S.K.: 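Quick one: structure below, then a few questions.
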Amino acid sequence: MRRKIVAGNWKMNKSFPDAEELIAEIADKLESMDTGHQDVILCPPYVYLEMATDIAEESVFSVGSQNMNENDTGAYTGEISGPMLTSMEVEYCIIGHSERRKYFGEDYALLAKKVDAALRNGIRPIFCCGEVLPEREAGRHFEIVKKQLDESLFHLTAEQFQQAVIAYEPVWAIGTGVNATPAQAQEMHAYIREQVASKYGESLASETSILYGGSCNASNARELFSQADVDGGLIGGASLKADEFLRIVTSF
Ligand code: PEP
C-alpha cells in the first residue's frame, strides 16, 4: 500500500537552539498522536541533521536532507556527500527542488546524478518537479513535468524507482500563498501517476507516493490531501511551526 507522507522542508531557516526546540516539540507532540497511517519527514539544514537524527531515534519521524552532492567523496569544498548523510542515519534527500534548479543551476543531468548518488547510498530521493507560471499559462505544464521526470528520474530501474517519492511543486505556488487548487493538483498527480505507469507498470505506479508542495498549510491540506492521487505534502513555510505542521500531518 502506498504511504501517506508529510515532509517539512525548512530551507535555510532557524538557529541551532530554535531548530532543536522545534524538533523536540514535534517529537514530543508526535508521541501522543496516531501517526500509524502516515510518515513524517523533517528536512532541516545540513548542520542540524545529526541533532535531528538523534532525536528521531526515540521518535516516529524520519530525517531528510535538502540536497546532496552527486559524488561520494573528494575535493568538493563545502559539499555534503551521500556517505556523510548515511553515516548520520539520514534516510531521505530532496532532489530537484525548484530553488536548487533556479539559484544553483541544477540541470536535468546533474539531478539524475544526484538521484543515483542518493540510491547508491541507500537514501530515498524526494524528487521535485513542477512548472513555472509562464509554462502553466502557456498550457505547457504537463510537457514540462514529463521532461523533468524523463530526464532525471525515469532512467532508474524499477527496483531503484521503488525507493523514490515524487513531489509535484508548481513553482508559482511555492512561498507565494497561492496554492494549486485541489483540482489542479489532482489533475497533475494523476498525470504523473500515468507517466509512472507507462514507464514502470500499473502496480508500481499505484505504490508510488506523490506529494503536493506549494503554499500547503493547515487550512488547505485536508482538501488537497483528499484528492485521489495526492498522497501528502512537501511543506515549506508551514513546517516551521510545530502546531501548524502537525495539523497538516493529521489532515488525511
Ligand atoms: C517548498 O519549498 O518545498 C514549499 C512547498 O514551500 P512553501 O510550502 O513555503 O510554499
Side-chain angles (χ1 to χ4, degrees), residues 4-14 18-19 22 26 38-46 48-49 52 61-68 90 92-104 106 111 114-115 118 124-133 135-136 141 144-145 148-149 152-153 164-182 184-186 188-189 192 209-225 227 229-252:
K4 305 278 186 200
I5 299 173
V6 176
N9 173 15
W10 289 17
K11 312 194 187 192
M12 196 173 70
N13 289 296
K14 302 273 177 200
D18 289 350
L22 177 54
I26 290 172
Q38 64 272 66
D39 296 337
V40 179
I41 305 168
L42 301 183
C43 305
Y46 283 138
Y48 309 148
L49 287 171
F61 70 88
S62 302
V63 177
S65 67
Q66 299 171 17
N67 179 36
M68 64 186 289
V90 170
Y92 292 86
C93 180
I94 299 171
I95 294 178
H97 192 282
S98 60
E99 288 152 16
R100 301 243 23 122
R101 293 179 194 259
K102 179 175 176 189
Y103 301 125
F104 302 94
E106 297 195 355
L111 295 175
K114 290 192 177 205
V115 166
R124 299 185 62 184
I126 302 174
F127 181 80
C128 301
C129 55
E131 79 286 354
V132 297
L133 190 57
E135 290 165 344
R136 177 160 281 263
H141 40 298
I144 296 296
V145 167
Q148 292 169 337
L149 295 170
S152 307
L153 195 63
V165 173
I166 296 175
Y168 169 56
E169 299 207 305
V171 181
W172 46 271
I174 295 180
T176 59
V178 181
N179 59 288
T181 64
Q184 286 172 322
Q186 169 55 26
M188 182 59 86
H189 283 228
I192 292 171
S209 296
I210 306 175
L211 314 184
Y212 168 77
S215 298
C216 182
N217 56 41
S219 309
N220 59 27
R222 189 168 293 281
E223 213 189 334
L224 285 160
F225 296 176
Q227 303 301 304
D229 288 290
V230 178
D231 304 310
L234 179 54
I235 316 297
S239 70
L240 295 170
K241 290 197 177 123
D243 286 337
E244 169 117 28
F245 181 65
L246 292 171
R247 279 172 61 204
I248 299 172
V249 167
T250 50
S251 291
F252 292 98

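Remember, predicted model here, so these are calculated numbers, not experimental data. Every number for a ligand or one of its atoms is a count from 1 in the order of the listing.
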S.K.: With sequence neighbours excluded, what pairs up with F104 under the ring-ring contact (aromatic ring centres under 6.0 Å, His included) test?
M.R.: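 By the ring-ring contact (aromatic ring centres under 6.0 Å, His included) rule, F104 matches no residue at all.
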S.K.: For N9, which part has a heavy atom under 4.0 Å from ligand 1: side chain, backbone, both, or neither?
M.R.: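 N9 to ligand 1: side-chain contact only, backbone stays beyond 4.0 Å.
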S.K.: Under 3.5 Å, side chain of R247 to main-chain N/O of N217, donor-acceptor pair present?
M.R.: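 Judged by distance alone, no pair lies under 3.5 Å.
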S.K.: Are R101 and E106 within salt-bridge range, i.e. N to O under 4.0 Å?
M.R.: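 Salt bridge flag = no for E106 with R101.
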S.K.: Tell me, which protein residue and heavy-atom name are nearest atom 3 (O) of ligand 1, and how many Å apart are they?
M.R.: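 The closest one turns out to be E169 OE2, 2.7 Å.
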S.K.: Enumerate the atoms of ligand 1 whose separation from the nearest heavy atom of S215 is less than 4.0 angstrom.
M.R.: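 Listed by number with element, the hits are 7 (P), 8 (O), 10 (O).
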S.K.: Considering only the protein, which heavy-atom contact is closest to atom 9 (O) of ligand 1, and what is its distance?
M.R.: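 Its nearest protein heavy-atom neighbour is G237 N, 2.8 Å.
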S.K.: Residue-level breakdown please: for C128 versus ligand 1, do any non-hydrogen atoms fall below 4.0 Å on the side chain, on the backbone, on both, or on neither?
M.R.: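 The answer is neither; C128 stays 4.0 Å or more away.
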S.K.: Around atom 4 (C) of ligand 1, find the nearest protein heavy atom and jot down its residue, atom name and distance.
M.R.: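 Answer for atom 4 (C) of ligand 1: G236 N, 3.6 Å.
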S.K.: Can you give me the closest heavy-atom contact between L240 and L22, atom names plus distance?
M.R.: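 That closest heavy-atom pairing would be O-CD2, 3.4 Å.
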S.K.: State the atoms of ligand 1, each with its element, that fall below the 4.0 Å cut-off from a heavy-atom position in K11.
M.R.: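 Here the atoms of ligand 1 in question are 1 (C), 2 (O), 6 (O).
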S.K.: Step by step, work out the side chain to side chain donor-acceptor pair (under 3.5 Å) result for Q66 and W10.
M.R.: CA-CA 8 Å; Q66 299 171 17; W10 289 17; over 6 Å; no
S.K.: Locate the shortest heavy-atom distance separating P170 from Y212; write the atom from each residue and the value.
M.R.: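 Answer, listing the atom of P170 first, then Y212: CD-CE1, 3.7 Å.
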S.K.: Which ligand 1 atoms are under 4.0 Å away from a heavy-atom of H97?
M.R.: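 Counting atoms of ligand 1 from 1, those under 4.0 Å from H97 are 1 (C), 2 (O), 3 (O).
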S.K.: My understanding is that only residues two or more places apart in sequence, or in another chain, count here; which of them pass ring-ring contact (aromatic ring centres under 6.0 Å, His included) with H189?
M.R.: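 Checked H189 against ring-ring contact (aromatic ring centres under 6.0 Å, His included); matches are Y168.
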S.K.: Counting each atom of ligand 1 from 1 as listed, which ones have a heavy atom of A173 under 4.0 Å away?
M.R.: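 Counting from 1, the qualifying ligand atoms are 10 (O).
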S.K.: G214 heavy atoms, cut-off 4.0 Å: which ligand 1 atoms fall inside?
M.R.: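 Those qualifying, in numeric order: 5 (C), 10 (O).
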S.K.: Which atoms from ligand 1 have a heavy atom of G175 less than 4.0 Å away?
M.R.: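 Heavy-atom distances to G175 below 4.0 Å select 7 (P), 9 (O), 10 (O).
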S.K.: Check this for me: E135, atom CD, are more than 12 non-hydrogen atoms of other residues, nucleotides or ligands nearer than 6.0 Å?
M.R.: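 Enclosed.
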